[in-house]
Amino acid sequence: MQNLLDLDPAQLTAWFAARGEKPFRATQVLRWIHRFGEADFDAMTDIAKSLREKLKAEAVVVPPAIVSDKLSDDGTRKFLFDVGNGNAVETVFIPEDDRGTLCVSTQAGCALDCSFCSTGKQGFNRNLTVAEIIGQLWQVNKALGRDPKGERIISNVVLMGMGEPLANFENAVAALKLMLDDNCYGLSRRRVTVSTSGLVPVMDRLRDECPVALAVSLHAPNDILRDELVPINQKYPLSELMAACRRYLEKAPRDFVTFEYVMLDGVNDHDYDARELLSLTRHVPCKFNLIPFNPFPGSPYRRSRPERIRRFADILMGVGIVTTTRKTRGDDIDAACGQLAGQVLDKTRRTGRRTVMLEEDKS
């Protein structure tokens, strides 16, 4: 049985064509599944009954199941999704006055092992399928409902949850195409963001195949420190990363790259670190998003003090770079940036096979 959530618009059209159906049938089904959140073919009332019967015999619409739904005091909601075989991934909805942002996972765990990230410490099991990626958006849309005007509450999506999106390129891009398609979710390219730790060759592929807004997990102003904090830097050093950012902007929907920078007390938060960042990024139109570190059990790091973060931001803004400090959201339910861990049957060679379950997710 074909899970139709696994097919992007072009693939679904081809699937229908292989069964002698015209392209408009694929468009009808796309609308029912993604625009209206319908999984029951019998409810797709403008489709011929004969086609509905064919669909019931050959296809399904199966998103990952919601295991838990936790609400933070600040309105942030964290969803835990079962993706099978002992694995679960987390998705976070962050409400703001002017938008609602969904932070979506693309892998069960993460193999990049950034030293300050809880997800990376859980190890890695596998890439998520298209259905498991887009299914997070599909399910949360249904859970949130619509606003009084009948509009969807999710206005922005960031591939910034568990995993490195560009390490699951084909499936991530297929999910992006569904998010952008007017018959599905109709999101603007400016409102969909992919966050990467710096897989340089794949950044070029994203630019050419599906350019959306780009965020880069930078976290250090030089190669020595970034090699320690973000080990992928040992393969793609900062000079290559900055060049890739400049190339990306040739086709990007926004005229800047967002650099994410977690603030680690006494590690990367000195005045000279800020000045070195200015030198590093001087040829890349950018903005900075400073992220107060969110602690997790076993981490050796501490969050930078508020006055240190303010001073760091002042240095960047002093030369005209837009700099924001991310408000910590959902930390009471471990939904803040860097805290997502879920439940992963680890298959990474560096740690061997083991099962890691957060205490809060065992219930």
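A quick note: this is a predicted structure, and the numbers were derived from the prediction, not measured. Just so you know, residue 1 is the first one in the sequence shown, and it goes up from there.
No side-chain donor-acceptor contact under 3.5 Å links R247 to the backbone of D204. R19 places a side-chain N or O within 3.5 Å of a backbone atom of W15 that can act as its donor or acceptor partner. Not one N or O on the side chain of T76 forms a donor-acceptor pair closer than 3.5 Å with the backbone of I94. Distance alone, capped at 3.5 Å, places no donor-acceptor pair between the Y301 side chain and the S115 backbone. Using a distance-only test at 3.5 Å, with no hydrogens or angles considered, a donor-acceptor pair links the side chain of Q139 to the main chain of P64. The closest donor-acceptor contact from the side chain of Q136 to the backbone of S105 lies under 3.5 Å. Side-chain atoms of H34 never come within 3.5 Å of backbone atoms of Y185 as a donor-acceptor pair (strictly under, hydrogens ignored). Remark: side-chain polar atoms of N125 are not paired, donor with acceptor, to backbone N or O of A108 under 3.5 angstrom. Judged by distance alone, with hydrogens and angles left aside, the side-chain atoms of N141 form no donor-acceptor pair with the main-chain N or O of W138 at under 3.5 Å. The backbone N or O of D40 sits less than 3.5 Å from a side-chain atom of E38, completing a donor-acceptor pair.
Rounding to the nearest 0.5 Å places OG of S217 at 7.0 Å from CD1 of I291. The CD atom of E260 sits 11.0 Å away from atom CG of L290, with the distance rounded to the nearest 0.5 Å. Note: L280 CG to N222 CG = 8.5 Å, rounded to the nearest 0.5 Å. Note that the OG atom of S197 and the CG atom of L229 stand 11.0 Å from one another [nearest 0.5 Å].
Cluster membership check: M317 does not share its hydrophobic cluster with Y261, using side-chain heavy-atom separations under 4.5 Å among Ile, Leu, Val, Met, Phe, Trp and Tyr. A continuous path of ILVMFWY side-chain contacts below 4.5 Å connects I309 to L278, so both sit in one hydrophobic cluster. Residues V192 and F256 are members of separate hydrophobic clusters, defined by side-chain heavy-atom contacts under 4.5 angstrom among Ile, Leu, Val, Met, Phe, Trp and Tyr. Residues I315 and V322 fall into different hydrophobic clusters, defined by Ile, Leu, Val, Met, Phe, Trp and Tyr side chains chained together at heavy-atom separations under 4.5 Å. No continuous path of ILVMFWY side-chain contacts below 4.5 Å connects I321 to Y272, so the two sit in separate hydrophobic clusters.
Around atom NZ of K235, no more than 12 heavy atoms belonging to other residues, nucleotides or ligands sit under 6.0 Å away. No more than 12 heavy atoms of other residues, nucleotides or ligands sit less than 6.0 Å from atom CG of D97.
Ring orientation note: the planes of F288 and F259 are tilted relative to one another, at an angle of 30° to 60°.
Side chains of V62 and L5 form no contact here, defined as non-hydrogen atoms less than 4.5 Å apart. Considering only heavy atoms from C-beta on, L218 comes within 4.5 Å of L238 through its side chain. Residues V130 and L7 form no side-chain contact, since every pair of their non-hydrogen atoms from C-beta on lies 4.5 Å or further apart. T193 has its side chain out of reach of T101: every pair of non-hydrogen atoms, C-beta onward, lies at least 4.5 Å apart. For the pair P63 and F81, the minimum side-chain heavy-atom distance is 4.5 Å or more. Side-chain atoms of R303 and P295, non-hydrogen and from C-beta on, do get closer than 4.5 Å to each other. F41 is listed as a side-chain neighbour of L4, based on a closest heavy-atom distance under 4.5 Å. Two residues are said to be in side-chain contact when any heavy atoms from C-beta on lie closer than 4.5 Å; V29 and F16 meet this criterion.
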| Stepwise, does the side chain to side chain contact (heavy atoms under 4.5 Å, CB included) test hold for M44 with L51? | CA-CA 10 Å; M44 301 179 184; L51 178 54; over 6 Å; no
| request: Tell me, with the steps shown, if W32 and T45 meet side chain to side chain contact (heavy atoms under 4.5 Å, CB included). | output: CA-CA 10 Å; W32 277 109; T45 51; 3.9 Å; yes
| request: Kindly indicate, with the supporting measurements, whether the criterion side chain to side chain contact (heavy atoms under 4.5 Å, CB included) is fulfilled by S299 and F293. | output: CA-CA 10 Å; S299 170; F293 173 66; 3.2 Å; yes
| query | Do C103 and E90 pass the side chain to side chain contact (heavy atoms under 4.5 Å, CB included) test, and can you show the C-alpha distance, the side-chain angles, and the key distance before you say yes or no? | reply | CA-CA 9 Å; C103 184; E90 293 178 339; over 6 Å; no
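Using a 4.0 Å cut-off between charged side-chain N and carboxylate O, R308 and D271 make a salt bridge. In this structure, D42 pairs ionically with K56, as a charged nitrogen and a carboxylate oxygen lie closer than 4.0 Å. By the 4.0 Å N-to-carboxylate-O rule, R305 lies close enough to E307 to be salt-bridged with it.
Inspection of the T196 and E164 side chains reveals an N or O donor paired with an N or O acceptor under 3.5 Å. Checking Q28 against R25 by side-chain atom types alone, a donor-acceptor pair falls below 3.5 Å.
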Can you give the donor-acceptor pairs under 3.5 Å from side chains of residues 171-180 to other protein atoms, not counting sequence neighbours?
from, atom 1, to, atom 2, distance (Å)
N171, ND2, L128, O, 3.0
N171, ND2, N168, OD1, 3.4

